[in-house]
Amino acid sequence: MENQIPNDEISLKELIEKGKEWYAFLLSQWKIIVLAGVIGAALGVTYSIIKKPVYTATLSFALEDEKGGGGGLGSALGLASSLGLDLGGGGGSIFTGSNLTELFKSRTMVEQTLLSPVIVNGKVISLAEMYIENNEWRDKWKDEPKFKNIQFLPETKRKYFTRVHDSILGEIYKDLSKFSLSVAQKDKKISIIYMDVASTNELFSLYFCEALARQVGKFYVTTKSKKARMNMEILERQTDSIRAELNGAITGVAVANDNTFMLNPALNVRRAPTARRQVDVQANTAILTELVKQTELAKVTLRKETPLIQVIDRPILPLKKERFGKAKGILLGGFLAVFLTVFGQIVRRLLKGLQV
């Protein structure tokens, strides 16, 4: 135990001496370290000047809450189901919560949005063309024949695109989904979803944010109400068909009555067509009455299913702007340069010591 105390004191003393030695060494290199700090600060300032500001467009929306049973409507839907009619009142839950946020970030929705028309400098172009111009891609394509004449006209059908078109749209989608587009529900207790679109072009952020909201909203409403709309269209066709049959039966009764006018009572068999036509009129009247009820109920169901997305706040110019400040560039650039220089000098001296 008595021998360990001097050893500990000696090792601590050596550690202090070693620290003084390293301090003296780094102090002797102060000119190199200061020069590196100045160069790093200059590079940081240069970067802050070259770096374009980022504009963020934010849109918030809420989903319609359908947890309520609907009261009388729910009873009516149950009655329709007992009659063998599906009016689609319980469908439409495939795009809720996190599914809806993923729908905003899907490639199909983003690419369809990129083909939306916008007016830039008096010209109608697509958002894809606006993105390409903003990132100066055409300057890079001057020496590439397959890219040189590529155009993305507004609202062009995907079936007219070539493999090159698809690859370019894929690259735009990759950039947007990684660096520009964010969709999230900030509070799980509140069903309000926020969408952020960030880019170096203020108008692109604004136009793309609003166009994506419209595109997803239209797709969402159409998909969720598809079942109810299909049933309503079927009921309307059936109603028109039965109404035509009823009109024909009424005309047939009149014709049969004309044919049996002043008929001898002994020839009652000749009155059979009139009786059959009257039965047709009664049956078609009952069917038409029920179909009209179910058609009106289907219309109510369809109105209940739409609209499903309610926009709360839209992006308004000027948008929120973030830029890399000069003071931040000086501090970060100088600190990184000094740190790397000190680290490099330490490594160089350690390697030199190993060689000796």
Side-chain angles (χ1 to χ4, degrees), residues 9-58 120-121 130-144 147 168 171-182 184 186 194 196-209 315-356:
E9 290 177 351
I10 292 171
S11 62
L12 180 61
K13 184 178 179 181
E14 288 179 350
L15 183 62
I16 294 173
E17 292 295 328
K18 206 69 174 176
K20 291 181 178 179
E21 183 182 341
W22 279 109
Y23 175 76
F25 168 74
L26 293 176
L27 192 62
S28 66
Q29 304 294 321
W30 70 271
K31 292 183 179 179
I32 297 175
I33 295 173
V34 170
L35 180 61
V38 172
I39 294 174
L43 291 175
V45 172
T46 304
Y47 178 78
S48 67
I49 295 173
I50 296 175
K51 177 70 173 176
K52 294 181 179 179
V54 176
Y55 299 92
T56 302
T58 301
V120 179
N121 297 327
M130 189 177 180
Y131 185 88
I132 291 171
E133 291 179 6
N134 184 47
N135 289 275
E136 301 177 349
W137 284 7
R138 295 207 177 276
D139 294 336
K140 304 173 185 177
W141 294 346
K142 288 181 179 179
D143 299 328
E144 295 286 342
F147 295 131
I168 294 172
E171 286 299 318
I172 298 176
Y173 167 71
K174 190 188 301 182
D175 290 346
L176 289 174
S177 60
K178 281 186 177 181
F179 307 112
S180 300
L181 181 59
S182 172
K186 295 183 179 180
Y194 295 84
D196 295 332
V197 177
S199 76
T200 56
N201 186 310
E202 186 176 28
L203 289 179
F204 179 84
S205 296
L206 175 69
Y207 293 158
F208 185 83
C209 184
I316 300 174
L317 294 176
L319 300 180
K320 177 184 176 183
K321 181 171 70 171
E322 295 180 1
R323 67 179 309 149
F324 196 84
K326 294 180 180 179
K328 187 177 180 181
I330 292 173
L331 292 175
L332 284 180
F335 174 77
L336 288 175
V338 169
F339 175 78
L340 292 175
T341 302
V342 170
F343 181 76
Q345 291 295 325
I346 292 173
V347 171
R348 186 173 66 86
R349 186 179 182 189
L350 289 174
L351 292 176
K352 187 182 292 186
L354 292 175
Q355 290 176 356
V356 174

### Query
Below 4.5 Å, heavy atoms only, C-beta onward: do Trp137 and Tyr131 meet side chain to side chain?
yes
### Task
State, with a plain yes or no, whether a side-chain heavy atom of Phe147 is found less than 4.5 Å away from one of Ile132.
no
### Trp141 side chain reached by Ile168 side chain, heavy atoms, under 4.5 Å
yes
### Query
Does Ser180 reach the main-chain N or O of Ala198 with its side chain, forming a donor-acceptor pair under 3.5 Å?
yes
### Query
Do side-chain atoms of Ser205 reach the backbone of Ser199 as a donor and acceptor pair under 3.5 angstrom?
yes
### Task
Over all heavy atoms of both residues, which pair between Phe204 and Met130 is shortest? Give the atoms and the distance, please.
N-CE, 3.4 Å
### Student check: side-chain heavy atoms of Val120 and Leu203 closer than 4.5 Å
no
### Query
Taking atom OG1 of Thr58 and atom NZ of Lys320, what is their separation to the nearest 0.5 Å?
7.0 Å
### Query
Which distance, rounded to the nearest 0.5 Å, do you find between the CD1 of Ile346 and the CD of Gln29?
11.0 Å
#### Entry: Distance (rounded to the nearest 0.5 Å) between Tyr173 OH and Leu181 CG
8.5 Å
### Summary
Value for CD1 (Ile33) from CG (Leu27), rounded to nearest 0.5 Å, stands at 8.5 Å
### Query
Atom OG1 of Thr200 and atom CG of Asn134: how far apart are they, to the nearest 0.5 Å?
4.0 Å
### Message
Looking at Asp143, I want to see if its CG is surrounded by more than 12 non-hydrogen atoms of other residues, nucleotides or ligands under 6.0 Å.
### Response
no
#### Entry: Non-hydrogen atoms of Tyr55 and Asn201 that approach each other most closely
CD1-C, 4.2 Å
## Note on the structure
Tightest non-hydrogen contact, residues Gly40 and Ala337, listed as CA-CB, 3.7 Å
### Message
Between Glu202 (side chain only) and Pro318 (backbone N and O only), is there a donor and an acceptor less than 3.5 Å apart?
### Response
no
### Query
Of all heavy-atom pairs between Ala57 and Leu319, which one has the smallest distance, and what is that distance?
CB-CD1, 3.9 Å
### Message
How about CG on Leu317, more than 12 heavy atoms from neighbouring residues, nucleotides or ligands closer than 6.0 Å, or not?
### Response
yes
